[in-house]
Each structure stands twice: as structure tokens, then as C-alpha cells.
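Residue numbers start from 1 in every chain, and the chains themselves are labelled A, B, ... in the order their sequence lines are given, proteins ahead of strands. Both backbone and side-chain heavy atoms feed into the values below; hydrogens, waters and symmetry mates do not.
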2 protein chains.
Amino acid sequence: MMHMLDSRQPGFDAALRQLLAFETAQDPAVDAAVADIIASVQSRGDAALIDYTARFDRLSVTDASQLELSQAELDAALHRLPADTRAALEAAAERVRRYHERQLMQSWSYVEEDGTRLGQQVTALDRVGIYVPGGKAAYPSSVLMNAIPAKVAGVGEIIMVVPTPGGERNDIVLAAARIAGVDRVFTVGGAQAVAALAYGTQTIPAVDKITGPGNAYVAAAKRRVFGVVGIDMVAGPSEILVICDGQTDPDWIAMDLFSQAEHDEIAQAILLCPDAEFIARVRASIERLLPEMPRQDIIRASLSGRGALIQVADLDEACQIANYIAPEHLELSVAEPAAWLPKLKHAGAIFMGRFASESLGDYCAGPNHVLPTSRTARFASPLGVYDFQKRTSLIEVSAVGAQTLGRIASTLAHGEGLTAHARSAEFRLQD
Amino acid sequence: MMHMLDSRQPGFDAALRQLLAFETAQDPAVDAAVADIIASVQSRGDAALIDYTARFDRLSVTDASQLELSQAELDAALHRLPADTRAALEAAAERVRRYHERQLMQSWSYVEEDGTRLGQQVTALDRVGIYVPGGKAAYPSSVLMNAIPAKVAGVGEIIMVVPTPGGERNDIVLAAARIAGVDRVFTVGGAQAVAALAYGTQTIPAVDKITGPGNAYVAAAKRRVFGVVGIDMVAGPSEILVICDGQTDPDWIAMDLFSQAEHDEIAQAILLCPDAEFIARVRASIERLLPEMPRQDIIRASLSGRGALIQVADLDEACQIANYIAPEHLELSVAEPAAWLPKLKHAGAIFMGRFASESLGDYCAGPNHVLPTSRTARFASPLGVYDFQKRTSLIEVSAVGAQTLGRIASTLAHGEGLTAHARSAEFRLQD
């Protein structure tokens, strides 16, 4: 059912390129609808938000204030959780917090001989919005992964929006918001929630950045408000690439591939292995384990459409191919993972060793599960504390320093034909 | 000629909002033309590039290899420079390099008690493209500010594109490329150059990220290829905000405002000062100095359209207003700049003290001159080494660690209805 490829086949490069190709074209109808929604929320504020929420989420309120959940309601959700769920959520949050604290950027400066001081001041964003999908794709882990880095960064206020279709709330999601330290929660979703966060309404305060996953409408809305506010990357389908030396239990590998494929029919799961016999065993495991999976239809569609078992010459070649693929998740299921790490340049997260299944990273290892997809790990990074901090350059020039710098600036400004730049520097020259 | 505002006037907030408002709507005709150009370069490669370069830049070549400048040609341009220009360029490059070296991110990891190792691996981008405008807006300083951070980051190969309309080359720009360590230079520009960098042609290699300023076509092209490659922010008009205590030479302040206004009719220059009498003196300086400026028409259009002299209650209020404006450049032209710094949260760069004119930062102080515009300093940072590095999360889980993490992950995965995620963790449990 999966594509079977061999790196020694003629045409392998083309076959791999085709396997990875993913059409990201945006639907013009979605984009037009989103443009209308944004314009309406921008001009009519709360009134538009109430209308859209009634229409799209079947949730009727007479006043926008009824769209806010109180901290008491979040508390109640937390207390309703089964003890093991609550404990797991709290343990995951604690581990995520501890890892992210290492990412905190610090301000720095240095003074030169002539008294000129240069530096970089790091500050947190004032207010951020976190989009959390409602309905069946409601993932509490996603609340933790978005809110905790913002909290660690020192963001002043975290606003979460989560649609509650038909008024149905997800206790684990609300409990996760409580644990992560979200300040305010509004039960709105879709493009209207993104517009409200970007421009503000009478009830929902405007934020400086919006992060979090959503459907095609949410993604289109985020693209449109980018510039007015910051956004995280618009994610493509999720991906896993497993490099295996053929010595891991094939059932483990099969299940790891399933764990990516069960997200979505267009998710991508690929195995690179030099051992043909092992690949056959993984294939057998897939056939045997698949019928046990509640989401087997999604898994089957994903694996047969975009999945592949690829035989490679050796692990060296596997690393080269991995760098080309630049996968979101990369499992290095080999005897000595550290030995191969220096050869791996592009990946969102690398899971090292047979025991590091991707699902551990998705929930609780500590690092963020929001990762660059669709080969963007060539230039992009996991979501982190650094996405909720920003830098300001500091330039303090002494009277003496202005003499040296002013002459250089004046020469270069004249070279660019910018006389006012030159004169501004020359005014500070004292001789 | 400039807007005169007073923070105590009724309607001041609305007047300020209107002053800052800037329509960023994209021209659909430009966007459609750019879409065609990109599609053509993607399908026809070098042939399309040759056609567009002949049509738009009046530069005819028979083979795309003729569009490349050799290192010998860059060397020759460097040797043709006047000695003072070369020295200024080299001094500026050295200072920019020294500052940016402080921004280098390092990899880190830590080991937990049960042997689980977590970390963050930092790597440089493989290949980046730098867009440099040709013609009258050809700024050598911009070559340094884009190429040096990439070089410091350890980028494998830096490709520069610069149009040479009618074959006219700018020696200072080419010399700057040589000094900054650019690896290859192609004399192409416009949307076709952006497309070539994003998708690659037979002659121009595909890059992983494109940075650098350009006209509306270049900006539209960068927006379109974003996702295929990384891009820097699409910049709005340049801005300066000066906070002055009324004790700086008013001529200096007037010229600092000019130095921003001379860039562009839609550039923005604003002064905040508590001293009405000083504001009048700055106004007189503006009237007196303006006729001496070669670019006086541009300056006058900028100042009368988007400039303002604003009287504020005190410096505290000036800082509050500055945080709302979140300016690209902020001059703190006061007696004790360090005392006010903690009150300033949002700015691209802060110039501290009367001797720190913005033009020193534009050319040679050391920090980058590519800064967030249009209030985006609320969430964005100067261009830096960090824009040419990326992070990969490392998750190495020990057999013992998988027991703790596996139970947490399993509980949370079942809570999200993701059985394969849960099973993948459970397979690693040993009891």
C-alpha cells in the first residue's frame, strides 16, 4: 500500500521530489470570504463577532461579554479532569516550561574604547493571541506548546480564542489554558476570531502577535493580518521521517509512522533504511497493526497517498536524503544516534535513539511540537520563547566616538547621494 | 509646513493614529504581473531570465552565464574606488562584523537524571540570496547590512542579485559585495531575480532564504515565494522619531528629521518635545536649512505629508507615545538617555544621546540598519545573524526516560483521541 522506493533506481530523485511535492495554493473562494469577514469585524467590532459566532458556531449571545470564560470556569474544568489526566497535563507543562526557560534571550551591551556603547535590548511582546481549534481537532497539548513559551518570554497578557461549536466546551483544553497561565479566554473561532485579535473589538483587545493552528479560513486570515500583527508560520501537513539501521522492533517503526499518518490524510510518513529485509518486516507490521487502529481510514489514505518505504545504500546516504527532505520530525532509530547527528543539517526536531518516539516529543519531552513543515526547516525553527521576544538595537555614541563614526558615515552618505545623512553626521564633528 | 500637534489637544489620539496610518494594500495589477513572471521563470528558467532582463533592464545577453560577475570584476571595482571611500567601506564592514558576531547563537543541551538528553542544535542556512536594488536607490551600505550577518552566521553560499539597467554598474555596490564576502553576483533584478533565487534556473542556484529591499514588484515577488524560501520582512516606508528635552542644537534635530525624510516622499519624521519654544526653534531651523538640501523636494513632501512636531507634557509622556508609535528609529536626544531607556519598549533601534545621530547607525555604528517599520517593532526585530541561523530540537530519550515520558504521553494522546500516538509510546514501556 505504501510507495516502495530504492535510491539506486533510475529516476529516484524525480520520484522523491514528486512524493514531497505538496500544492499549497490557496482557495480564492476561501480568501474572498475571509477578506469580507475581516472587513466586517474591523468596522462593526463586537456586533460582527456575535453574528459570525451565531452563524458558524451555532452559539447565540446577546452581549459579547458572554463570549468570555472566567478564570473560575477554567478552574472548574481543571477540577473536573480525571486525576491521571490532570497529573499528565501538569507534568507535561512543567517539562515544557523547564526546556523553554533555556531559550530565554538576554540583553547585552559593550563599551568601546572611545566610550561608544552598543547593545541589544531584549523585551517581551505586550500581548499575544493564541488560536486553538475547537471540535474534533481540539488539542490540549497545543495550548501548552503555544502558551508556555509566551509565558516564559514574559508576555504581558495571553489571550486565547477557541470556538465552542454548539456551546460544547473541551474541559482538557480549558484546563490546559489554566495550567499554562492564559490570561483571558474567548469562545470565538474562525477568521472572525483572528480579525478580532488583530484589530481589537470593544470586548477583545488587539494583540501584537497571533500563533496557533487552524483550518483553511484561519490560515487565510492569519496571512491577511500579517504585518498588522506578527504570526507564526502557516503550517503545512505534518511529516515524519524515520532513519533506521534495521535493528529496531519493526512494530515500533510501523506505529511511529502511523502516529504521523493518523493526523491527516495528507500527512507524510517516510522510512529510510539500508536493509531490504527489515523494510519487508516493517511492511508486514503495518499490515498487521493497521486494522487495530481506530483512525485506520485516515492512516491508510495517508500512507498510500504520501507515505514511502525507501531502501538506501547506507546510513550516510540516508542522512543526505534527510537533509534534502528537511523533515518536520526526524527519528534517528539507530545504535549510535550521536555519531550521525553532525551529518544532519535540516529538521524541525530530531528524535535520537530507539526509545525516542515522536509521540514523546509531541506531548511531554519538553521541546516544542510546533515545528517547520514542507521543507521549511531549511530556514525556519521550532516555535519558541524567542518568537515572543524581540530585540532593539542600542547605539549610544560618545562625543569622541561621533568624530570617528561621523567621518565614515559622511563619506558613505555622500557616496549614496544622501546629503542630509552626511550633514547630520558632520554637524557632530568638532574641529 | 509640518503638522503641529499637542498631546493636550482634544482629539490628539485620533490625530496621531491618522498620522501613522499607512495604506499597505498591494496593487492587484503588480501582483498579477509578478505571478506571470514567477511562473515563466519557474518553467523556462534561464531563457525567461534573459528575456525579462533584456526587456526591463535593457541588458542583452546571449547566454545566462554572461549575467554573472566574476570575483575579478568585483576586485576591479574595489580597486577603482577613491581611497577614502574604500577605507570608509572597510571600516564600516569591520564594525558591522564585530557587532554581529555577538549575535551568534550557540547549540546547547542538558542531560536529565534518567539519562534523557534535550537540546537545541543551531545550524546556518545552506545558501541565501540577497536582493540589491540598482539605479538611483543603489545603496552599498545595504549590501554590507544584508551580507555580513549571513557571513557571520556561517551561511555556505551568498548569492547577490543586482540589476544593472542599461549595463550600468555601481562600483561601490560591487566593492561592498567583495568586502562583505558575497560568493556570487548576478546582474538581474525585479520579480524575475526573486523567482530565479527561489526556484533556481540552469545558471542561478536556488537559495533557502531571500533578504534585501526592492520596489513593489520585488516586494510582491517575495510575498509570493514565501514558504518555498524564507524572506525577511517586507519593509514599509522608513521612519524616525526624535524625543528631545529641548537642549540639543535645533539644527541637529532638523537635519536628523531631514535624513529620514530625504529617503522617500512617504518616509515619516516626528519630533516629541515638551518645550514649545524649542519646537519653534526646530521649525525655524527646518525653514532655514531646507533650501540647502539637494533632495529638498522629497524632504518637503515627506515632512508636509507625514511629518509632525508634537508638544508633549513631559518626557514620560513622550516615552508612552513612542511605545505606541513603535518607531523604526528612535533618537533619545536628552541629557540622561540611560534613565529613560527602561520606559521604552518598542523600537527597531534606539540612538542614545545627542551625538548618536541616526545616520551613524545607518552606515557604521555596527548594528543593522534593516529594522522593523510601520509599528512592527511591537513584535519584530532588526535583521541579524539569527535570521541566517535556525534551530533544531534534539530529543534523546533513554530506556528509563521512556517509562516516565511514555505514561504521560499515552494519557494525553488518549485524551486527544490519537491512538497511534499512545500506542507508539506504550510500545516502549517495559513491564
Under 4.5 Å from any heavy atom of chain A, what part of Ala377(B) do you find: side chain, backbone, both or neither? backbone
Under 4.5 Å heavy-atom distance to chain A, tell me which part of Ser398(B) shows up: side chain, backbone, both or neither. backbone
Below 4.5 Å from any heavy atom of chain A, which atoms of Val400(B) appear? Answer side chain, backbone, both or neither. neither
Under 4.5 Å to a heavy atom of chain A? For Glu426(B) that would be neither
Given a strict heavy-atom distance threshold of 4.5 Å, which part of Ala380(A) is in contact with chain B: side chain, backbone, both, or neither? backbone
Just by distance, do the side chain of Arg428(B) and the backbone of Arg354(A) share a donor-acceptor pair under 3.5 Å? yes
Arg407(B) meets the salt bridge (charged side-chain N to carboxylate O under 4.0 Å, His left out) criterion, sequence neighbours left out, with Asp431(B)
Strictly by modelled atom types, are His346(B) and Asp126(A) linked by a side-chain donor-acceptor pair under 3.5 Å? yes
Gln120(B) side chain to Gln103(A) backbone, donor-acceptor under 3.5 Å: no
By a 4.5 Å heavy-atom criterion (distance strictly below it), what part of Ala425(B) contacts chain A: side chain, backbone, both, or neither? both
Chain A contact via Pro337(B) - side chain, backbone, both or neither, heavy atoms under 4.5 Å: side chain
Main-chain N/O of Arg127(B) paired with Arg378(A) side-chain donor or acceptor, under 3.5 Å: no
Max heavy-atom pair count under 4.5 Å with chain A, selected residue of Ile350(B), Ile408(B), Asp249(B): Ile350(B)
Residue Phe388(B) versus chain A: region with a heavy atom under 4.5 Å: neither
What residue, out of Val228(B), Ile299(B), Thr376(B), has the most heavy-atom pairs lying under 4.5 Å from chain A? Val228(B)
Can you tell me how far the CD atom of Glu262(B) sits from the OG atom of Ser424(A), to the nearest 0.5 Å? 9.5 Å
If I measure from the heavy atoms of chain B, does Trp108(A) come under 4.5 Å with its side chain, its backbone, both, or neither? side chain
salt_bridge(Asp251(B), Arg423(A)) N-O dist < 4.0 Å: no
Is it the side chain or the backbone of Asp208(B) that comes within 4.5 Å of chain A heavy atoms, both, or neither? both
Between Leu89(A) and chain B, with a heavy-atom cut-off of 4.5 Å, which part of the residue counts as in contact: side chain, backbone, both or neither? both
At a 4.5 Å cut-off on heavy atoms, which part of Gln430(A) comes close to chain B: side chain, backbone, both, or neither? side chain
Could you look at Leu332(B) and say if it's the side chain, the backbone, both or neither that has a heavy atom under 4.5 Å from chain A? neither
Pair count under 4.5 Å, heavy atoms only, with chain A: among Asp256(B), Asp84(B), Ile253(B), Ile172(B), highest is Asp256(B)
Ser359(B) (side chain) donor-acceptor with His421(A) (main chain) under 3.5 angstrom: yes
Considering all heavy atoms, the nearest Leu412(B)-Thr85(A) contact: CD2-O, 4.4 Å
Side chain, backbone, both or neither of Leu418(B) within contact of chain A (heavy atoms, under 4.5 Å): both
Where does Thr123(B) contact chain A at under 4.5 Å (heavy atoms): side chain, backbone, both or neither? side chain
First locate atom CZ of Arg391(B), then atom CG of Leu383(A), and finally report the distance between them rounded to the nearest 0.5 Å. 10.5 Å
What part of Glu90(A) gets closer than 4.5 Å to chain B, counting heavy atoms only: side chain, backbone, both or neither? neither
Quick check against the 3.5 Å criterion: does Thr419(B) have a side-chain atom that pairs as donor or acceptor with the backbone of Met293(A)? no
Winner by heavy-atom pair count (cut-off under 4.5 Å) against chain A, out of Arg95(B), Gln389(B), Met233(B), Lys209(B): Arg95(B)
Residues at least two apart in sequence or cross-chain that pass side chain to side chain donor-acceptor pair (under 3.5 Å) with Asn170(B), listed by chain then number, are none
Examine whether an atom of Arg86(B) lies under 4.5 Å from a heavy atom of chain A, and if so say whether it belongs to the side chain, the backbone or both; otherwise answer neither. neither
For Val155(A), which atoms come within 4.5 Å of any heavy atom of chain B: side chain, backbone, both, or neither? neither
Any non-hydrogen side-chain atom of Tyr99(A) less than 4.5 Å from a side-chain atom of Ser393(B)? yes
